[in-house]
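Down below is the structure, laid out as structure tokens.
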There are 2 protein chains.
Amino acid sequence: MENRDVMNNKDKLMQAAIDLIAERGYHGVTTQEIAAAAGLSEKTLFRHFGSKQNLLESAFDRYHYAAEMNDLFQGGLNGDVYEDLLRISRTYHEIMFRNRKMIKISIAEGHHLPGFRERTHQHPQQLKKLLIDYFTEMEKRGKVIHTDHEQTAVSFMLMHFGAFMNYIDATDTTVLNVSLEQMIQHSVQLWTRALSP
Amino acid sequence: MENRDVMNNKDKLMQAAIDLIAERGYHGVTTQEIAAAAGLSEKTLFRHFGSKQNLLESAFDRYHYAAEMNDLFQGGLNGDVYEDLLRISRTYHEIMFRNRKMIKISIAEGHHLPGFRERTHQHPQQLKKLLIDYFTEMEKRGKVIHTDHEQTAVSFMLMHFGAFMNYIDATDTTVLNVSLEQMIQHSVQLWTRALSP
DNA sequence: CATGACTGTCAGTGCTGACTGTCAATCGTC
DNA sequence: GACGATTGACAGTCAGCACTGACAGTCATG
């Protein structure tokens, strides 16, 4: 099964590239280091991808992460604002954490690769729309007060984005002395109170 | 006044370094480019700083931004939760925006320079303490409900940090279709409601 | 005018890093 | 065993970049 192995090696290289570039930046990592981290030779790297740029682009293409958030609102929400917001928050952080390296790269070197920013922006756009629809529905049901739901959704998302950024480096957990799970629970309590009629 | 000019040239170089490194990263900028952006020769750069590393470190030393937040709570707050939170939020964003380039560098290349992280972390630590004290005082006065003030402060700060990160690149203002000022006003309204007795 | 502080030009060094070419080895398939 | 596909070891090219040395020019000060 040579085809299987090729894919495995390509994947190894792309994964190594993502790991290292996320930590040290595109210019901070050499092709030798990437190949070594993948357990392969530098020659193989260039045979598969032709260039360092193309390696990163291919990695970004393969490990796209948009559209994951879709599933979130397919069932799972039960109409209790506190529980729903909690569930949304946790899912958000799961997805963000799973893709934290790509996100870090996209933020740090978005200007290097065309299309990076666009793809990483699909994701929040989508979540915003879903949140707005949720708030609108809950307002109809009399479960939340009337607000500018777009603004509310944006503030809610920015809070969790800030939390994500803060916890993206594991060593930084001590910065604010509060665990992510604590922060999620407490903030959702506050938001529930702010929105409850 | 040769001394004056020396300082001007050193400042020019440090400022150029900050500008360029914030945009393209430490390894994405050459000493030639920095010197050219400062309108000086590369030779002068090395005469003053000896190395590229030392240039960045010197720049970071000079343009430290911690302790700015102190002034915020020295007077200016009047006991009206909505107005106070509004004022705090705006001051926070002013300070963060003014130092956005240093912050970007510190986030992207914190591992390169020892002491970067520590200094950029003084700042939020300080704000957190001040916020906790403020909430405690307001609770005594019966202006806000009892919460875990530390958690509340952290969530509040993370929300604004997320907003700051989102608006740090001017081109990104369209991502969420909401201006920073709108976001500040709306979010503070929500928080005031969440905390009001 | 002499001096000292600062700067630019130019040429150059040494290293690193992206990328290539050649050849041999491995390994699964027919 | 022949073959194709994949890979590694090795040597090497070439450009870019951090950094240096030598020399001359400018300019304010005494």
Side-chain angles (χ1 to χ4, degrees), chain A residues 1-62 105 108-109 111-114 116, chain B residues 1-62 105 108-109 111-114 116:
Chain A
M1 285 297 236
E2 72 284 341
N3 208 3
R4 187 64 156 280
D5 291 342
V6 171
M7 280 315 182
N8 280 344
N9 282 348
K10 281 186 111 176
D11 279 350
K12 276 185 201 167
L13 286 164
M14 290 189 284
Q15 191 57 52
I18 289 174
D19 290 348
L20 291 176
I21 293 175
E23 272 180 23
R24 306 213 292 268
Y26 182 78
H27 294 287
V29 177
T30 71
T31 51
Q32 267 198 9
E33 289 172 311
I34 294 173
L40 298 169
S41 77
E42 198 182 0
K43 185 77 197 173
T44 304
L45 187 158
F46 284 102
R47 264 195 279 249
H48 279 306
F49 298 100
S51 74
K52 188 185 178 186
Q53 278 269 343
N54 187 46
L55 166 59
L56 180 54
E57 286 175 16
S58 302
F60 214 83
D61 283 342
R62 178 167 300 266
I105 293 175
E109 344 255 357
H111 35 94
H112 273 206
L113 293 306
F116 268 41
Chain B
M1 287 298 240
E2 72 283 344
N3 208 3
R4 187 67 156 279
D5 291 344
V6 172
M7 280 313 183
N8 280 343
N9 282 347
K10 281 187 109 176
D11 279 349
K12 276 185 202 168
L13 287 164
M14 291 189 284
Q15 191 58 52
I18 289 173
D19 290 348
L20 291 176
I21 293 175
E23 273 180 22
R24 308 213 292 269
Y26 183 79
H27 294 287
V29 178
T30 71
T31 51
Q32 270 199 6
E33 289 173 311
I34 295 173
L40 297 170
S41 79
E42 197 183 0
K43 186 75 197 175
T44 304
L45 187 156
F46 284 102
R47 266 196 277 249
H48 279 306
F49 298 100
S51 73
K52 188 185 179 185
Q53 279 270 344
N54 188 47
L55 167 58
L56 180 54
E57 286 175 14
S58 302
F60 213 83
D61 282 341
R62 179 167 299 268
I105 293 175
E109 347 255 354
H111 34 94
H112 272 206
L113 293 304
F116 270 41

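Residue numbers start from 1 in every chain, and the chains themselves are labelled A, B, ... in the order their sequence lines are given, proteins ahead of strands.
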* Please step through side-chain contact (heavy atoms from CB on, under 4.5 Å) for the pair B:Leu13 and B:Lys10, ending with a clear verdict. => CA-CA 5 Å; B:Leu13 287 164; B:Lys10 281 187 109 176; 5.7 Å; no

* To do: Please test B:Glu23 against B:Val29 for side-chain contact (heavy atoms from CB on, under 4.5 Å), starting from the C-alpha separation and ending with a verdict.
  => CA-CA 9 Å; B:Glu23 273 180 22; B:Val29 178; over 6 Å; no

* Between D:dA18 atom C1' and B:Asn54 atom CG, what is the distance in whole Å? ->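 Those two atoms, CG and C1', are 14 Å apart.
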
* **Value in whole Å for how far the P atom of D:dG16 lies from CD of B:Glu33** =>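 Those two atoms, CD and P, are 12 Å apart.
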
Show me the protein contacts with nucleotides 12-15 of chain C, counting only N or O atoms at under 3.5 Å.
none

Shortest non-hydrogen separation from [X] to [Y] and the atoms involved:
{"X": "A:Ala37", "Y": "A:Leu20", "result": "CB-CD1, 3.9 Å"}
{"X": "B:Met14", "Y": "B:Phe49", "result": "CG-CZ, 3.7 Å"}
{"X": "A:Ala35", "Y": "A:Leu45", "result": "N-CD1, 4.2 Å"}

* To do: Look at the side-chain N and O atoms of A:Asn9 and state whether any lies under 4.0 Å from the OP1 or OP2 oxygen of D:dT7.
  =>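 Affirmative; the distance criterion is met.
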
* Asked: So do A:His27 and B:Tyr26 actually touch side chain to side chain, heavy atoms under 4.5 Å?
  ->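 B:Tyr26 vs A:His27: side chains apart.
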
* Tell me, which pairs form a salt bridge (charged side-chain N to carboxylate O under 4.0 Å, His left out) where one or both residues lie in residues 25-43 of chain B, sequence neighbours left out? ->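 Matches after skipping sequence neighbours: B:Arg24-B:Glu33.
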
* To do: Output the distance between atom CG (A:Leu55) and atom OG1 (A:Thr31), rounded to the nearest 0.5 Å.
  =>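 Taking CG in A:Leu55 and OG1 in A:Thr31, the distance rounds to 9.5 Å.
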
* Where protein sits on nucleotides 17-23 of chain C, one letter per nucleotide: B base, S sugar-phosphate only, - none, heavy atoms under 4.0 Å -> SSBBB--

